[in-house]
Amino acid sequence: MRERYQFGDVEARWQERWEQARLYQAVEDPGREKFYCLEMFPYPSGNLHMGHVRNYSIGDVIARFKSMNGYNVLHPMGWDSFGLPAENAAIKNKIPPARWTLDNIAQMRGQLKSMGISYDWDREVASCLPEYYRWTQWLFLQMYKKGLVYKKKAAVNWCPGCNTVLANEQVVDAACERCGTAVQKKALEQWFFKITDYAQDLLDSLETLTGWPDKVKIMQDNWIGRSEGARIHFALEGAEGPAADLPVYTTRPDTVFGVTYMVLAAEHPLVERIIAGTEYEEPVRAFVRKVQGMTEVERTSTELEKEGIFTGAYAVNPMNGEKAPLWVGNYVLLEYGTGAVMGVPAHDQRDFVFAKKYGLPIRAVIQPEGETLDAETMTEAYTGDGVMTRSGAFSGLGNREGMKRVAAHLEASGSGGATVNYRLRDWLISRQRYWGTPIPIVYCEECGAVPVPEADLPVRLPLDVEFLPTGESPLNRSPEFYETVCPKCGKPARRETDTMDTFACSSWYFLRYTDAKNDRAPYDAAKARYWMNVDLYIGGVEHAILHLMYARFFMKALNDLGLTDTREPFQNLLTQGMVLKDGTKMSKSKGNVVSPEEIIKKYGADTARLFILFAAPPERDLEWSDAGVEGAYRFLNRVWRGIYQLLTENPDMTKMPSGAPEGPLSKEDQQMRRLLHGTVQKVTEDIQVRFNFNTAISAIMELTNGLYLYKESPSKHWGVLREVTDHLVLLLSPFAPHIADELWEATGHEGFVYRQAWPAYDRRILADVDEVEMVVQLNGKVRDRMKVPAAISREDTEKAALALEKIRDAVGGGTIVKIVTVPGKLVNIVLR
RNA sequence: GCCGCUGUGGCGGAAUAGGCAGACGCAAUGGACUUAAAAUCCAUCGAGGGCAACCUCAUACCGGUUCGAGUCCGGUCAGCGGCACCA
């Protein structure tokens, strides 16, 4: 063993040995309990950043800890390697996306290997390779057959920056989440996954995800946006049959007698029909154009003044037969509910504002207790509970009860009924981009959209394509790609040139890892059954909605297809915080990026990992500190030096039996062993129960400090020292695996630390205390401390406390009201 | 607007079931070793008062419950995150 810790040599040597021994290769073994530890696979941008280092360090602690605790661990890594940056790089640098991506993967794989994470590299996947995306296409086809994929013309989010449509989830503040360009609405034919079929399921099973942070579940809950209400079919005056049907959705069916007007969304298909050939035609069209001319931001802003225009038509209220004027308004969304709302100014603030502006009548039909609303004097809508009035047979009912009765009445009369509505929209998956999984569909003049037969998969992306700066997908200009024949009738046909949203690729990769090399199926059912579910999934909270909900949807759909055994992919979820520098996220533009590569070069991977795990608990944001890294480095050196000094002092130490000697132990021996076993307990629980790696590491630091003290003690015992150093190395190994293996070998052991059993602690040693220090309080304030025998009775404790000089003085002539004693901890004397 | 989270030394953070506030680390200061430096080791390190033993105050703020509150309850303020003209 060298005197100084030379991390460079140590880390390189052990990484090589691990690889040669195939130490981290996972093999199915039904006789052993498995543990599937997964970190979100990265996009291969070219360089690892500190967020990655944090993510994978956290995962590696768990994977190593579980392995040492006897689990058969699966810990894979791969690449989410389709996506726009590859195309942008191709346009900018004239490098084909495939080469750019594969070069980046090679580079990042090297960086990742220098971190010494316990990955089974045999299971590596890259979603951009045909061996992988073939199965993404296959799954698409299974879902297509099941009716979970469909195409429709819809007003979709179009990003002019990326030249593609976006999913709802990818629009943030009416801008593209990727490039920040303001999103436009365009009516286009697009492919959708029918995630709304699973809205209730996705919502209900959130409750079963007990290992997920509440925060994430609440965000998904909000996103799904379930609301209960009623559908009410108004009738268009002067129309017959289905043409007269004007359904609205409302959460307040109890206010239906307060309807004084109706509003349609600007894009509502009814608008054109009712104005055609009337005097309203021109002004209404002008209004609609004005609304459509606004950007998404303007249109959806709550600041936008509510405006509308009368269409000349009327709708009949099915509850009372009243006529209500039909308007078009800028505050009604086509995509939510039915795209039409009933206007109840007295009990909805938006309607109130609208009615005031256009002089529409206001009719109060819910009266709050002890008050009487008067339409003339109201200054805002009353949205609370109350008693129904002017509501025909329903007058006098409490409005909560009224909601149910009105819904029941609508149901009975065939003009509506109770219904549930969701904000969740179907998942738009087609992208007008090149670097993605081709959608396996062929368009035939005769047969329409025909799925590509499974035997013809994969539909390969052509690699010899040319990129134009317009950003237009080269697939549209590649006849050798799109020219094909119809699988059904054999006539010439055209391939779909849209590709899939990359979130489709990442919605099932965790299944592929269970059988990554399978070329006959996406995965073997038995293997997936053995490894699934993912026991712990670790990644950034920014995926709380998008990726995590899509993956849940896939799992449920695949389960309904008979392809999986469970309906949820991730048993436990750990959302890690960001890595900050100077209080903000590291970014090139701010110039505050710390490169993992440089840190590893300067201090080694163990130091980088240790610092990042020590600086904050995983869920919290972490402030990068160069001085803190130095501290972590010093600590590893301190461990090294301590063990080196012991081995120098007594080279035979490596042959000593570990543990306490026979016979009575010195006070120092006992203290050392209690500290050791207490540390084992704390570190074990911190990792296993709480994921508090920072406190686990601080406990190991305290143990090291204790070791330094003990090794200077004249009565030190080499068996105890051996026990301490062995356990210290094992406890440290999930955090700093290279130095741990080196020290393990140096202290005379064979085999990898990874294969050792996690140290156990002995409760008897922890309990073997003959004297404890107790706090003595007066009225809850600490006044003194005392040492008492551990086995002391309550009475004797109180006697001892009262006998203390300070306490005697303080009690003086006062009256003791009572004494509260917590055995082994404190005595509180209550005086008055 | 709705929903949620977080406020503790100079800094990162600890206090795991209501029981010693500030573990561990960083920074800082003083000292030892050294010709010197680095490394290492020792000591001090929330604020105020006192020669001292010690005392008072202190976990964003105000109040409550309790023998005892960083922790529980009610309110206020600040910061962060999600959703948002969702009928």
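Chain letters run A, B, ... following the sequence lines, proteins first and then strands; every chain starts at 1.
Taking the P atoms as reference points, B:rC72 lies 14 Å from B:rA15, given to the whole Å. With both ends at atom P, the span from B:rU65 to B:rC55 equals 27 Å, rounded to whole Å. B:rG9 and B:rC61 have their P atoms separated by 10 Å, with the value rounded to a whole Å. Across the C1' atoms, B:rU34 and B:rC41 are found 13 Å apart, a figure rounded to whole Å. Only the C1' atoms considered, B:rG70 is 7 Å distant from B:rU8, to the nearest whole Å. Spacing of C1' atoms, B:rC45 relative to B:rG31, comes out at 15 Å, to the nearest Å. Nucleotides B:rA39 and B:rC20 have their P atoms positioned 38 Å apart, rounded to a whole Å. With both ends at atom P, the span from B:rC73 to B:rG79 equals 24 Å, rounded to whole Å.
Using a 4.0 Å heavy-atom criterion, one finds that A:Lys217 contacts no nucleic acid atom at all. At the heavy-atom level, A:Val817 lies nowhere under 4.0 Å from the strands shown. Using a 4.0 Å heavy-atom criterion, one finds that A:Ile218 contacts the sugar-phosphate atoms exclusively. Using a 4.0 Å heavy-atom distance criterion, A:Arg4 is classed as making no nucleic acid contact. Here A:Asn705 lies in heavy-atom contact (under 4.0 Å) with sugar-phosphate atoms only. Using a 4.0 Å heavy-atom criterion, one finds that A:Gly631 contacts the sugar-phosphate atoms exclusively. Within the 4.0 angstrom heavy-atom criterion, only backbone atoms of the sugar-phosphate kind lie near A:Asp621; the bases stay farther away.
The side chain of A:Lys781 lies closest to B:rC57 when the candidates are B:rG25, B:rC85, B:rC57. Looking at the side chain of A:Asn694, the nearest of the listed nucleotides B:rG13, B:rC24, B:rC85 is B:rG13. Among the nucleotides B:rG25, B:rC20, B:rA87, the one closest to the side chain of A:Val775 is B:rC20. Of all nucleotides listed (B:rC55, B:rG25, B:rC67), B:rC55 comes nearest to the side chain of A:Arg783. Comparing B:rC83, B:rA27, B:rC20 by their nearest atom to the side chain of A:Val782 picks out B:rC20. In this structure, of B:rC57, B:rC20, B:rA87, it is B:rC20 that holds the atom nearest to the side chain of A:Gln777. Listed nucleotides: B:rC54, B:rC86, B:rU40. Nearest to the side chain of A:Arg641: B:rU40. Listed candidates were B:rC41, B:rG12, B:rC20. Nearest to the side chain of A:Glu773 is B:rC20. For A:Tyr331, counting side-chain heavy atoms from C-beta on, the closest listed nucleotide (B:rG13, B:rC54, B:rC85) is B:rC85. Comparing B:rA87, B:rA23, B:rC20 against the side chain of A:Val341 picks out B:rA87 as the nearest.
On a pure distance criterion of 3.5 Å, no polar donor-acceptor pair joins the side chain of A:Lys215 and the base of B:rC5. For A:Asn828 against B:rC67, a side-chain-to-base donor-acceptor contact under 3.5 Å is present.
Using a 4.0 Å cut-off, no side-chain N or O of A:Arg620 falls inside it from OP1 or OP2 of B:rC5. Here A:Ser625 does not reach the OP1 or OP2 of B:rC11: none of its side-chain N or O atoms lies under 4.0 Å away. Between A:Arg634 and B:rA38 there is no side-chain N or O to OP1 or OP2 distance below 4.0 Å.
Nucleotide B:rA87 holds its P atom 18 Å from the CG atom of A:Leu304, rounded to whole Å. Whole-Å rounding puts the A:Asp348 CG to B:rC85 C1' distance at 9 Å. The CG-P distance, from A:Asn779 to B:rU56, rounds to 12 Å in whole Å. One interatomic measurement links the two molecules: OH of A:Tyr633 to P of B:rA39, which rounds to 11 Å at whole-angstrom precision. The interatomic distance linking A:Leu622 (CG) with B:rC80 (P) rounds to 19 Å, in whole Å. Here B:rA27 presents its P atom at 11 Å from CG of A:Asp626, a figure rounded to the nearest Å. Distance, A:Glu623 CD to B:rG25 P: 20 Å, rounded to whole Å. As a whole-Å value, the separation of A:Phe635 CZ from B:rC24 C1' is 10 Å.
Comparing A:Val171 and A:Tyr336, the nucleotide of RNA chain B nearest to each residue sits closer to the 5' end for A:Val171. Mapping A:Tyr249 and A:Lys825 onto RNA chain B by nearest heavy atom places A:Lys825 at the nucleotide closer to the 5' end.
Across all strands shown, B:rU6 is found opposite B:rA78 as a Watson-Crick or G-U wobble partner, with both distances under 3.5 Å. Nucleotide B:rG48 is matched to B:rC55 when pairs are restricted to Watson-Crick or G-U wobble geometry with both distances under 3.5 angstrom. When both pairing distances are held under 3.5 Å, B:rA43 makes a Watson-Crick or G-U pair with B:rU29. Across all strands shown, B:rC83 is found opposite B:rG1 as a Watson-Crick or G-U wobble partner, with both distances under 3.5 Å. Figure legend. B:rC24 is base-paired to B:rG12; pairs are counted as Watson-Crick or G-U wobble with both atom distances under 3.5 Å.
Here A:Phe354 and A:Tyr261 bring their ring centres to under 6.0 angstrom of each other. For an aromatic pair to be called close, the ring centres must be under 6.0 Å apart, and A:Phe503 with A:Trp427 fails this.
Salt-bridge check for A:Glu649 with A:Lys711: failed, with every basic side-chain N at 4.0 Å or more from each acidic carboxylate O.
No side-chain heavy atom of A:Leu613 sits under 4.5 Å from any side-chain heavy atom of A:Asn694. With contacts defined as side-chain heavy-atom distances shorter than 4.5 Å, the pair A:Tyr710/A:Leu675 does not qualify.
Ring orientation note: the planes of A:His347 and A:Tyr382 are nearly perpendicular, at an angle over 60° on the 30°/60° scale.
Results of the side-chain contact (heavy atoms from CB on, under 4.5 Å) test with A:Met342 over A:Leu246, A:Asn317, A:Thr255 single out A:Thr255 as the only residue that passes.
For A:Lys404, the NZ atom sits in a loose shell: 12 or fewer heavy atoms of surrounding residues, nucleotides or ligands are nearer than 6.0 Å.
Shown here, B:rG7 is classed anti by the O4'-C1'-N9-C4 or O4'-C1'-N1-C2 angle, which is more than 90° from 0.
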### Query
Passes side-chain contact (heavy atoms from CB on, under 4.5 Å), A:Thr821 versus A:Glu798? Steps please.
CA-CA 8 Å; A:Thr821 303; A:Glu798 291 173 7; 2.8 Å; yes
